[in-house]
2 protein chains.
Amino acid sequence: MRRSDLERRVTLAATGSAVTLEMVAQEAGVSPSTVSRILNGTARVRESKVRAVNAAISKLQFMPNPVARSLAGGKSMSVGVVIQTLDSPFYGGALAAIEKGLMRASYSGLFVSGHWRESDERRCIDHLLSRRVEGIILVTSCLPDQEIVHLSRTVPVVLTGRSVVGERIYSVDVDSTQGARLATDYLIGQGHDRIAYIAGPVDHPDAIQRMSGYKASLAAHRIPFSKKLVSVGDYSDAGGHAAMVRLLDAGEKFTAVFAANDQSAYGAMLALYRRGVKVPQDVSVVGFDDLLTSAFTIPPLTTVHRSIDGIGECAAEAMIDLIAGRAPVAKVSSATLAIRESTRPIRA
Amino acid sequence: MRRSDLERRVTLAATGSAVTLEMVAQEAGVSPSTVSRILNGTARVRESKVRAVNAAISKLQFMPNPVARSLAGGKSMSVGVVIQTLDSPFYGGALAAIEKGLMRASYSGLFVSGHWRESDERRCIDHLLSRRVEGIILVTSCLPDQEIVHLSRTVPVVLTGRSVVGERIYSVDVDSTQGARLATDYLIGQGHDRIAYIAGPVDHPDAIQRMSGYKASLAAHRIPFSKKLVSVGDYSDAGGHAAMVRLLDAGEKFTAVFAANDQSAYGAMLALYRRGVKVPQDVSVVGFDDLLTSAFTIPPLTTVHRSIDGIGECAAEAMIDLIAGRAPVAKVSSATLAIRESTRPIRA
DNA sequence: GAATATTTTGAAAGCGCTTGCAGAACGTAG
DNA sequence: CTACGTTCTGCAAGCGCTTTCAAAATATTC
């Protein structure tokens, strides 16, 4: 025996269950292989033995050791999830949904955050790979396409918020363009034609989509696009605030603002409030994401709603499919507009 | 060979790195044991061999397989984190910090959410145990003390937001009482004496602390406590909103409100706004938690600040200590008040 | 320089499970 | 009843690493 009895006992306690498959086999009077086969359904086994083994399992309260299982079978039953930041309500929701979807297939998620930094993201991926995850879900990754394609040669990849094509890649693309279009259309429908836009980070694929939705809507309604009405934020409250301040300082007139995400909208609304500009009386504000809190801002925010849960679960399911070698079936619902109190028709 | 070459190649690809410790040993001209020893620093090894091995490692780009490591060494280098909900900004922050702290000791976190349900929480714990986590961090668990003590016989436990004593239990207790006291004291210092309180769930240990801090402050300033000024919420925006509506409908007068957490405060402020009550002109509002967004509400919220990051990192460090068999050293900074624009001195 | 104390090292036995292979058990046909 | 085809089932060889034990190499002492 390698370890002293005491040590061993401690380890056993520390690992939860000391019951091994071998003990089950012995108890049931069959060989370990048989137990394994019953556990995994890898072969037909005589009914009587199945019963004996099941009895032994519940009697001994056996729980297969996933670590050993991974080592022997080469699969870890876990998938890595790279998220940019855990402390945003938006990503929190996505995470919760992914966890749920993964759990359902009895997979575990290893969550790590990349902080919007390519280098961090790479490190995270390495970490996950070293943990032998069976797949990686990239939630709004900031890595270049090519690198993602490369990664997909090692493990299946699911990514959200952007679209990359590849054999073992699945993009849960939420088509932000359409959502942005929806928001802008609505504003225009309410009579606004000087609509400011608070953009997301310029190099962010998702932000680019949103911007283009905004532009497309303007174009469709023959409203000229003006650079002066665009102020770049960074998807954060603070960024939205600063962007609005810049807009206000520039003195350009507008009756509505479309912010690339809810958090930017929060910041923008605060800046407006500080300058004594009333929402929605003087300026209408529309956000994007429909965070849980957005129904409770002052005033409650009109915003583009996408089912974060839906996206997360879809990503998880797609990953399970990919791992199983099946082609995932797409089915993300499109964006809708949650109309609340931060917008109103422009007065004639 | 057990698998066909093709299969094997696929598996290798799927697991990231095909380089094994044995290959390194061969390359360096030493035995696997030696490589292992160098990797883990478990014994002195001749300098020349160390160099050879390191060279081989970097040449082959070897990454030790944590799965094999776990199986052989009995440790999984991962700790389980049970959180109630991922989509609250508060918990998100805690999570991020825990992840960071764990990562620093090259541990991974397995995050699962219990949804405030005892049964879910138990299931999560079982899941984590079956994954052979080396410890479990319970973020505001709703399990009874006794069950936690029991769990600690299996793995070390760190818990936040409440205090349970036990040999392998460490409570990162944040003493919400003091924070609540701070907030109420401040309001009183500003001349308020009719201070409403929006409580958290009545059976929540943390909520009980906050409530008692509120009461203690009143008592210390000889202000009678009135049940009529207390309205129970559930820590959510919606709950805070409802609680405030009830308060307003009851017609009880107050010049300030202290909400048990920021989200309740958001809801309360919205209810106030809807009734045309101005914050802070008519009523001052104080929250608790200092969520990232709280600096961007309208008006920016005065709130009790506790370093969520600090708590999370502290929990992670304590867990590492516990796993290593060391006694964790406590060091959570106490709460402070972030004074912003939702409060003001009462006019005489 | 022999004898002894130390430090390094390698061989080998696992960790708990999966799985290829071949033998055992059963069934069926001749 | 023998021969042959099917199912079952057990044996044993790993998965990649850690660790014990004892042998090998080196250092120390007289």
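Keep in mind the model is a prediction, meaning the values are calculated, not measured. Throughout, a chain's letter reflects where its sequence line sits, starting with A, and its residues are numbered from 1.
Looking at residues two or more places apart in sequence or on another chain, you find no side chain to side chain donor-acceptor pair (under 3.5 Å) involving Ser171(A). With sequence neighbours left out, Glu121(B) forms a salt bridge (charged side-chain N to carboxylate O under 4.0 Å, His left out) with no residue at all. For Arg122(B), the salt bridge (charged side-chain N to carboxylate O under 4.0 Å, His left out) partners are Glu118(B), Glu147(B), not counting sequence neighbours. Partners of Asp126(A) according to the salt bridge (charged side-chain N to carboxylate O under 4.0 Å, His left out) rule, which considers only residues two or more places apart in sequence or in another chain, do not exist here. Evaluation of the side chain to side chain donor-acceptor pair (under 3.5 Å) rule for Ser36(A) yields Asn40(A) as partners, not counting sequence neighbours. For Arg51(A), the salt bridge (charged side-chain N to carboxylate O under 4.0 Å, His left out) partners are Glu47(A), not counting sequence neighbours. Remark: Glu27(A) engages Lys59(A) in a side chain to side chain donor-acceptor pair (under 3.5 Å) (not counting sequence neighbours). Every residue two or more places apart in sequence or in another chain was checked for a side chain to side chain donor-acceptor pair (under 3.5 Å) with Ser163(A), and none qualifies.
Contact check of residues 44-53 of chain B against DNA chain C (heavy atom, cut-off under 4.0 Å) returns Arg44(B), Val45(B), Arg46(B), Lys49(B). Taken residue by residue, residues 29-41 of chain B places heavy atoms nearer than 4.0 Å to DNA chain C at Val30(B), Ser31(B), Ser33(B), Thr34(B), Arg37(B).
Nucleotide dC17(C) holds its C1' atom 8 Å from the CG atom of Leu71(A), rounded to whole Å. Between Asn65(A) atom CG and dC15(C) atom P there is a gap of 12 Å when expressed in whole angstrom units. Spacing between atom CD of Glu22(B) and atom C1' of dG14(C) amounts to 15 Å, rounded to whole angstrom units. In this structure, Met63(B) atom CE and dC15(D) atom P are separated by 20 Å, rounded to whole Å. Atoms CE (Met77(B)) and P (dG16(D)) sit 20 Å apart, rounded to a whole Å. With rounding to whole Å, Met23(A) atom CE is found 12 Å from dC15(C) atom P. Per the geometry, CG belonging to Leu21(A) stands 5 Å off P belonging to dC17(C), to the nearest Å. The distance from atom CD1 of Ile57(B) to atom C1' of dC17(D) is 13 Å, rounded to the nearest whole Å.
Bending across the helix from dG1(C)-dC30(D) to dG30(C)-dC1(D), expressed as the angle between its end axes from five pairs apiece, amounts to 50° (10° rounding).
Listed by first then second residue, pairs satisfying salt bridge (charged side-chain N to carboxylate O under 4.0 Å, His left out) with a partner in residues 154-167 of chain B read Asp145(B)-Arg162(B), not counting sequence neighbours.
With dT9(D), dC17(C), dT18(D) as the choices, the nucleotide that has an atom nearest any side-chain atom of Pro64(A) turns out to be dC17(C).
Put simply, the side chain of Val79(A) does not reach to within 4.5 Å of the side chain of Leu110(A), judged on heavy atoms.
The number of heavy-atom neighbours closer than 6.0 Å to CZ of Arg44(A), taken from other residues, nucleotides and ligands shown, is 12 or below.
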